[in-house]
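Down below is the structure, laid out as structure tokens.
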Amino acid sequence: MYEKLEIFRTAISLAQHAGTRQAVIAQNIANADTPDYRARQVTDFATYAAKDTQAAGVQKATRAGHLNGVQSAAKPEVDVIQSASHSPNGNGVSVEQEMVKAVEAKRHHDQALAVYKSSLNILRASIGRS
């Protein structure tokens, strides 16, 4: 009954994706005044989740010495945004847009934690450990 708890895997993946996205957004904001810097973005969660579920059937190794395991787990891809720069120094970062993206990433992270906590509470109640 509890062999495949995909909801936990999905919640963890969403939290990792949101964390990576938040780091990239922070990097963009930190380089807002760097000449010729191009803003970066993380691929959307649907694309990341599709790659993660394709790799779900493959055994994963946590250390290089494990037998028959693949050590590289799927990570969100980071792309450079190719947009026309309206800044005199060629910088392509809009701090306002990055702040909106940061709020969205925080909301996704909070959502992932809420799903994880709720699922954990349901699991504990089902085994009689509430």
Side-chain angles (χ1 to χ4, degrees):
M1 179 175 187
Y2 299 116
E3 295 88 28
K4 293 186 179 183
L5 298 174
E6 295 294 324
I7 189 74
F8 289 109
R9 181 179 295 150
T10 304
I12 290 170
S13 294
L14 182 58
Q16 288 173 341
H17 180 268
T20 302
R21 188 168 181 221
Q22 190 73 13
V24 169
I25 291 167
Q27 210 170 30
N28 287 343
I29 292 173
N31 289 299
D33 290 332
T34 305
D36 296 323
Y37 180 82
R38 296 285 177 226
R40 297 169 35 190
Q41 69 180 4
V42 177
T43 56
D44 62 331
F45 181 69
T47 306
Y48 169 65
K51 288 181 182 180
D52 196 34
T53 55
Q54 289 173 352
V58 179
Q59 292 180 350
K60 294 181 185 174
T62 55
R63 285 181 265 151
H66 286 172
L67 298 175
N68 301 328
V70 178
Q71 193 165 3
S72 62
K75 293 185 179 179
E77 295 178 10
V78 178
D79 299 323
V80 176
I81 301 173
Q82 299 296 330
S83 62
S85 174
H86 299 294
S87 176
N89 65 359
N91 189 299
V93 177
S94 169
V95 177
E96 294 82 8
Q97 288 178 352
E98 296 300 319
M99 294 302 290
V100 170
K101 290 177 186 177
V103 170
E104 185 178 320
K106 182 189 181 319
R107 194 171 42 87
H108 285 158
H109 191 266
D110 291 345
Q111 179 184 16
L113 293 180
V115 167
Y116 187 81
K117 284 180 184 179
S118 296
S119 300
L120 195 58
N121 288 338
I122 291 170
L123 184 62
R124 284 182 181 150
S126 67
I127 60 174
R129 293 180 144 186
S130 51

Subject >> Qualifying residues under side-chain contact (heavy atoms from CB on, under 4.5 Å), relative to Arg40, sequence neighbours excluded >> reply: Val24, Gln27, Asn28, Tyr37, Val78, Val80
**OP:** Group every Ile, Leu, Val, Met, Phe, Trp and Tyr by side-chain heavy-atom contacts under 4.5 Å, then state whether Leu120 and Leu113 land in the same group.
**Re:** no
**OP:** Flag yes if Val95 and Ile25 sit in one hydrophobic cluster, no otherwise; membership is Ile, Leu, Val, Met, Phe, Trp, Tyr, and two members link when side-chain heavy atoms are under 4.5 Å apart.
**Re:** yes
Original post:
Can you tell if the side chain of Leu123 reaches within under 4.5 Å of the side chain of Leu5, non-hydrogen atoms only?
Top reply: yes
Original post:
Quick one: OG1 on Thr20 to NE2 on His109, what's the gap to the nearest 0.5 Å?
Top reply: 10.0 Å
Original post:
Taking the side chain as C-beta and beyond, is there a heavy-atom pair between Gln16 and Ile12 under 4.5 Å?
Top reply: yes
Original post:
Under 3.5 Å, side chain of Asn91 to main-chain N/O of Asn31, donor-acceptor pair present?
Top reply: yes
**OP:** Count the heavy atoms of every other residue, nucleotide or ligand shown that sit under 6.0 Å from CG of Asp33, and state whether that count exceeds 12.
**Re:** no
Original post:
What's the spacing between Gln97 CD and Gln41 CD if we round to 0.5 Å?
Top reply: 10.5 Å
Subject >> Ionic contact status for Glu104 with Lys101, cut-off 4.0 Å >> reply: no
**OP:** Can you measure from CG (Leu14) to OH (Tyr48) and round to the nearest 0.5 angstrom?
**Re:** 9.5 Å
Original post:
When rounded to the nearest 0.5 angstrom, what distance separates OG1 in Thr43 from CZ in Arg21?
Top reply: 10.0 Å
Original post:
With hydrophobic residues grouped by side-chain heavy-atom distances under 4.5 Å, do Val93 and Met99 end up in a single group?
Top reply: no
Original post:
About how many Å separate OG of Ser119 and CD of Glu6, when rounded to the nearest 0.5 Å?
Top reply: 12.0 Å
Subject >> Nearest heavy atoms of Ala102 and Gln22, plus distance in Å >> reply: O-OE1, 3.3 Å
**OP:** Could you tell me the separation between the CD1 atom of Ile122 and the CD1 atom of Ile127, rounded to the nearest 0.5 Å?
**Re:** 13.0 Å
**OP:** Looking only at non-hydrogen atoms, find the nearest pair between Ala112 and Ala11 and report the distance.
**Re:** CB-O, 3.4 Å
